[in-house]
Amino acid sequence: MDSYRFATTTLPGSTSTSNVFQKILLAQPSISNHSYGSNLGWDIGYVNGANAWVWNGVYESPNVSMDLQGTYFSSDVAYDQIVYNNPSYIIVKSAGNSYGQGPAAGSTAPKYYGDDNGNAVPFTAADTLPQVNCAQGYDCISNGSLAKNIIIVGATDVISSNNFRYSSPSDVVHSEYSSAGPRDDGGIKPDISTTGTDVFLLLQLRIPQEAFLMTMEAEHPVLHL
């Protein structure tokens, strides 16, 4: 198995940098897993030495906002082009974990947006804040997870009835953090959803024959292909 960082880095033996798309082409994988995503709405950031809510869309005081959540954009084109040119490649990617993120009503946490020069600008008391991500229950998957030719995976809760086995559609509950589509053009994303919350993983310790169970919430749910 080959593992690469999402960030643009210089790979061993190379003198130039490679981005994630170049790394996919270099690895030539039959299948690749990408358990990360961007967030072009509200996100938690670190500004002026403190945690803060940061709006990653466009904002013009006092009440004009827009964002690229749901928008098929350049990184989606790049993923699609890779698979189009290499139809044997299977790329599996996270829908993201930004559902519901954003300051709650009455929140006193600092809140910022970026100006045209990339500077953090604080929202004022007179500003109307953008809605939280997926405020209407949909449209908070950001670019890179909206490509047509790759498999986007959302997260659901563990089934809690019938001995944890599926018996009816009502058993399937969307995990509260998992980003939801569709794409702005109506294309369905995520393509599939599977268990991503309270997943039990068996971790092997260094001591032989010793292991323990842990639970986790997954950016990329458990998927068996």
Quiz item: Do the side chain of Asn56 and the main chain of Asn39 share a donor and acceptor less than 3.5 angstrom apart?
Solution: yes
Quiz item: For residues 131-142, which residue pairs qualify under side chain to side chain donor-acceptor pair (under 3.5 Å), counting only residues two or more places apart or in two chains?
Solution: Gln136-Tyr138
Quiz item: Would a distance-only check, ignoring hydrogens and angles, find a side-chain to backbone donor-acceptor pair under 3.5 Å from Asn85 to Gln81?
Solution: yes
Self-check item: Test item: Asp127 side-chain N/O and Ser61 main-chain N/O as donor-acceptor pair under 3.5 Å
Solution: no
Quiz item: What distance do Asn162 atom CG and Ser168 atom OG have between them, rounded to the nearest 0.5 Å?
Solution: 8.5 Å
Quiz prompt | Under 3.5 Å donor-acceptor, Lys111 side chain and Trp55 backbone | solution = no
Quiz item: How about Ile44 and Trp53: do any of their side-chain heavy atoms sit closer than 4.5 Å?
Solution: yes
Quiz item: Distance-only, no hydrogens or angles: does the Asp76 side chain make a donor-acceptor pair with backbone N or O of Leu146 under 3.5 Å?
Solution: yes
Quiz prompt | Hphob cluster co-occupancy, Val20 + Tyr89, side-chain heavy atoms under 4.5 angstrom | solution = yes
Quiz prompt | Cluster check Ile150, Ile82: I/L/V/M/F/W/Y, side chain < 4.5 angstrom | solution = yes
Quiz prompt | Which residues share a ring-ring contact (aromatic ring centres under 6.0 Å, His included) with Tyr72, sequence neighbours left out | solution = none
Quiz item: Where do Cys140 and Ser98 come nearest, in terms of heavy atoms and distance?
Solution: O-OG, 3.2 Å
Quiz item: Does Asn117 use its side chain to pair, donor to acceptor, with the backbone of Asn119 at less than 3.5 Å?
Solution: no
Quiz item: For the atom pair OG (Ser179) and CD (Gln69), what is the distance rounded to the nearest 0.5 Å?
Solution: 8.0 Å
Quiz item: According to a 4.5 Å side-chain heavy-atom criterion applied to Ile, Leu, Val, Met, Phe, Trp and Tyr, with indirect links allowed, do Ile152 and Phe73 form part of one hydrophobic cluster?
Solution: no
Practice problem: State, yes or no, whether a side-chain contact exists between Val172 and Tyr166 at a heavy-atom distance under 4.5 Å. | Solution: yes
Quiz item: Would you say the side chain of Ser74 lies within less than 4.5 Å of the side chain of Asn143, judging by non-hydrogen atoms?
Solution: no
Quiz item: Where the side chain of Tyr84 meets the backbone of Pro87, is there a donor-acceptor pair that is under 3.5 Å apart?
Solution: no
Exercise. Indicate the atoms forming the closest heavy-atom contact of Lys189 with Asp191, along with that distance.
Key: NZ-OD2, 2.8 Å
Quiz item: With a 4.5 Å heavy-atom cut-off, do Asp67 and Pro130 have their side chains touching?
Solution: no
Practice problem: Return yes if some donor-acceptor pair links the side-chain N/O of Thr9 with the main-chain N/O of Leu11 below 3.5 Å, else return no. | Solution: no
Exercise. Please name all residues satisfying ring-ring contact (aromatic ring centres under 6.0 Å, His included) with Tyr59, sequence neighbours left out, ordered by chain then number.
Key: Tyr113, Phe123
Self-check item: Spatial distance of atom CG (Asp184) from atom CD1 (Ile141) [nearest 0.5 Å]
Solution: 10.5 Å
Practice problem: For Pro190 and Ser193, work out which heavy atoms get closest and say how close. | Solution: CG-OG, 3.9 Å
Practice problem: Would you mind reporting whether Thr197 and Tyr177 have side-chain heavy atoms less than 4.5 Å apart? | Solution: yes
Exercise. Report yes or no: does Thr8 contribute a side-chain atom to a donor-acceptor pair with the main-chain N or O of Thr17 at less than 3.5 Å?
Key: no
Quiz item: If we ignore angles and hydrogens, is there a donor and acceptor under 3.5 Å between the side chains of Lys93 and Ser145?
Solution: yes
Exercise. Identify the two heavy atoms, one from Ser178 and one from Ala155, that lie closest to each other, and give their separation to 0.1 Å.
Key: OG-N, 2.9 Å
Exercise. Describe, in one word, how the ring planes of His34 and Tyr79 are oriented to each other, choosing from parallel (under 30°), tilted (30 to 60°) and perpendicular (over 60°).
Key: perpendicular
Exercise. Locate the shortest heavy-atom distance separating Ile24 from Ile91; write the atom from each residue and the value.
Key: CD1-CD1, 4.2 Å
Self-check item: Heavy-atom pair of closest approach, residues Leu129 and Pro103
Solution: CD1-CG, 4.0 Å
Quiz item: Between Thr195 and Phe164, is any pair of side-chain heavy atoms under 4.5 Å apart?
Solution: no
Quiz item: How long is the span from the CG atom in Leu26 to the OH atom in Tyr4, to the nearest 0.5 Å?
Solution: 4.5 Å
Quiz item: Does Asn48 reach the side chain of Tyr112, with side-chain heavy atoms less than 4.5 Å apart?
Solution: yes
Self-check item: Backbone N/O of Gly187 and side chain of Asp185: donor-acceptor pair under 3.5 Å
Solution: yes
Practice problem: Indicate yes or no: at least one non-hydrogen side-chain atom of Asp2 is less than 4.5 angstrom from one of Pro29. | Solution: no
Quiz prompt | Nearest-0.5 Å distance, NE2 of residue His174 to SG of residue Cys134 | solution = 7.0 Å
Exercise. Start with the C-alpha distance between Leu25 and Asn86, add both sets of side-chain angles, then the distance that settles side chain to side chain contact (heavy atoms under 4.5 Å, CB included), and finish with yes or no.
Key: CA-CA 9 Å; Leu25 293 172; Asn86 302 275; 3.8 Å; yes
